[in-house]
**Q** 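Sending over a structure as structure tokens; questions will come in a sec.
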Amino acid sequence: MTRFVLGRIGFYTLIAVLLAFFTVPLLWLVTAPFTSDPTYEVRVPDFTWDNFTAVLEHPYALPSLWNSVVLSAGTAVLVVIFAALAAYALSRVRLPGRDALLYALLLLSSIITGTAAMVPLFQLAVELNLIDSQFGLILILTGGLLPAAIFMLKDFMDSTPKSYEESARVFGASPLQIVRDVVVPLVRPGLATIAVWAVANVWGNFLMPYLLLSDVEKQPAAVITYTLYTEGGQANLSMLSTFGLLYSIPVVLMYLFVSKKYGFRFHGGIKR
């Protein structure tokens, strides 16, 4: 009995420590923007709006948030479209070595990350005249996310009954109509999951935008955050905390909306 009680105490102590580890930074992020002179400590805010005024007056703060929206939304749209088409084809067409190809794509995308492929990607962007091009950056980010997206979406496609497609084909539906009107509504939770996953990956991506976008007016918020320091190299906590809060809100709202409407699943289809 004593051993059981001590075990439960230790378990709940560990949980409390882990919760504090994740909760304290979030509390700081929520309270520091409303504090006149924020420090690294979590304090009761005095509810000032001066920090938000300073961020609004920054010449690149709000435009960088819009740039993040453009990059994230553009990449998510391309990833969802191409991954859905590729996953549907791989699910319905029996190709020799199909599963091996999928696992090879997933393995290579995990090993050859953006950091590892930094030099060839930069050279490719130079050759294709895609430096300082948001569209070029979207294409590069899309290529990096596609293998994992195809792998995840294929499970949703596999779980979609083929009888639905056969019924639509009997009534004269074209292949494009079958995909649009039959398959897409059934795998909509999977598409939503992939879209949020792609947006989250691009939203916090620093390396590729930093390398390929030298024009500060085209850089996303992840890069602009790096510039919010004083001339002496010290972190401007009032600017960083306020900009960080504004930077986090869109992704949190998107996550809550998609989670409530579709839910997040990495297995797919419908119950049969």
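Each residue takes its place number in the sequence, starting with 1.
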**Q** Counting N and O atoms only, with roles assigned by atom type, does the side chain of D155 sit under 3.5 Å from a partner on the main chain of D158, one being a donor and the other an acceptor?
**A** no
**Q** Do you know the tightest heavy-atom contact between I224 and T227?
**A** O-OG1, 2.6 Å
**Q** Using the side-chain contact (heavy atoms from CB on, under 4.5 Å) rule, pick out the option among I178, V184, L153 that qualifies with Y88.
**A**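 For Y88, the side-chain contact (heavy atoms from CB on, under 4.5 Å) check succeeds only for I178.
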**Q** Using the side chain to side chain contact (heavy atoms under 4.5 Å, CB included) rule, take T242 and L245 through it: C-alpha gap first, then chi angles, then the decisive distance, then the call.
**A** CA-CA 5 Å; T242 307; L245 180 62; 5.9 Å; no
**Q** When you measure from the side chain of S241 to the backbone N and O of S238, does any donor-acceptor pair fall under 3.5 Å?
**A**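 Here the side-chain-to-backbone pair exists.
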**Q** Do you know which of L62, N236, V55 makes side-chain contact (heavy atoms from CB on, under 4.5 Å) with F243?
**A**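 The passing option is V55.
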**Q** Test side chain to side chain contact (heavy atoms under 4.5 Å, CB included) on D132 and L212 and set out the steps.
**A** CA-CA 6 Å; D132 263 348; L212 299 180; over 6 Å; no
**Q** Could you check if a side-chain atom of L78 sits within less than 4.5 angstrom of a side-chain atom of L139, using non-hydrogen atoms only?
**A**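 Heavy-atom side-chain distance check passes, below 4.5 Å.
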**Q** With heavy-atom distances below 4.5 Å as the criterion, would you say the side chains of V199 and M254 are in contact?
**A**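 Yes. Closest side-chain heavy atoms under 4.5 Å.
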**Q** Are Y164 and V183 packed together at the side-chain level, in the sense that at least one heavy-atom pair is separated by less than 4.5 angstrom?
**A**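 They are not in contact (no side-chain heavy atoms under 4.5 Å apart), so the answer is no.
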**Q** Mind listing the closest non-hydrogen atom pair of A87 and K154 along with its distance?
**A** CB-N, 3.7 Å
**Q** Between N51 and T35, is there a donor-acceptor pair closer than 3.5 Å when you use the side chain of the first and the backbone of the second?
**A** yes
**Q** So Q134 and N67, side-chain hydrogen bond (donor to acceptor under 3.5 Å, both in side chains) or not? Walk me through it.
**A** CA-CA 9 Å; Q134 290 182 332; N67 293 335; 3.3 Å; yes
**Q** Please report the shortest heavy-atom distance between G136 and S133, naming the atom on each side.
**A**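 Minimum heavy-atom contact is N-OG, 3.1 Å.
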**Q** Walk me through whether D46 and T48 qualify under side-chain hydrogen bond (donor to acceptor under 3.5 Å, both in side chains).
**A** CA-CA 6 Å; D46 51 6; T48 179; 5.4 Å; no
**Q** Tell me, please, which residues at least two apart from Y247 pass ring-ring contact (aromatic ring centres under 6.0 Å, His included).
**A** W203
**Q** Quick one, E165 with V179, criterion side chain to side chain contact (heavy atoms under 4.5 Å, CB included). Give me CA distance, side-chain angles, the key distance, then yes/no.
**A** CA-CA 8 Å; E165 301 171 38; V179 173; over 6 Å; no
**Q** Tell me whether the rings of F34 and F47 are parallel (<30°), tilted (30 to 60°) or perpendicular (>60°).
**A**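 Taking F47 first and then F34, their aromatic rings sit tilted (interplane angle of 30° to 60°).
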**Q** Applying side chain to side chain contact (heavy atoms under 4.5 Å, CB included), run through L130 and L137 and close with a yes or a no.
**A** CA-CA 8 Å; L130 295 178; L137 179 59; over 6 Å; no
**Q** For I9, is there any backbone N or O sitting under 3.5 Å from a side-chain donor or acceptor partner on T13?
**A**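 Yes, the answer is positive, given that a donor and an acceptor are paired below the 3.5 Å cut-off.
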**Q** Under 4.5 Å between any side-chain heavy atoms of P250 and L65, yes or no?
**A**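 Result no, sub-4.5 Å side-chain heavy-atom pair not found.
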**Q** If the condition is side chain to side chain contact (heavy atoms under 4.5 Å, CB included), which residues does L85 pass it with, not counting sequence neighbours?
**A** I81
**Q** Are the side chains of Y60 and Q219 in touch, meaning some heavy atoms are under 4.5 Å apart?
**A** no
**Q** Quick check on the hydrophobic clustering: are L228 and W66 connected, directly or via other members, by side-chain heavy-atom contacts under 4.5 Å?
**A**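 Cluster IDs for L228 and W66 match.
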**Q** Judged by atom type as modelled, is there a donor-acceptor pair below 3.5 Å linking the side chain of Q123 to the main-chain atoms of P120?
**A**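 Answer holds: no.
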**Q** Output a table of donor-acceptor pairs, distance under 3.5 Å, between side-chain atoms of residues 20-33 and any protein atom two or more places apart or on a different chain; print 'none' if there are none.
**A**
from : atom 1 : to  : atom 2 : distance (Å)
T23  : OG1    : L19 : O      : 2.5
W28  : NE1    : T39 : O      : 2.6
T31  : OG1    : L27 : O      : 2.8

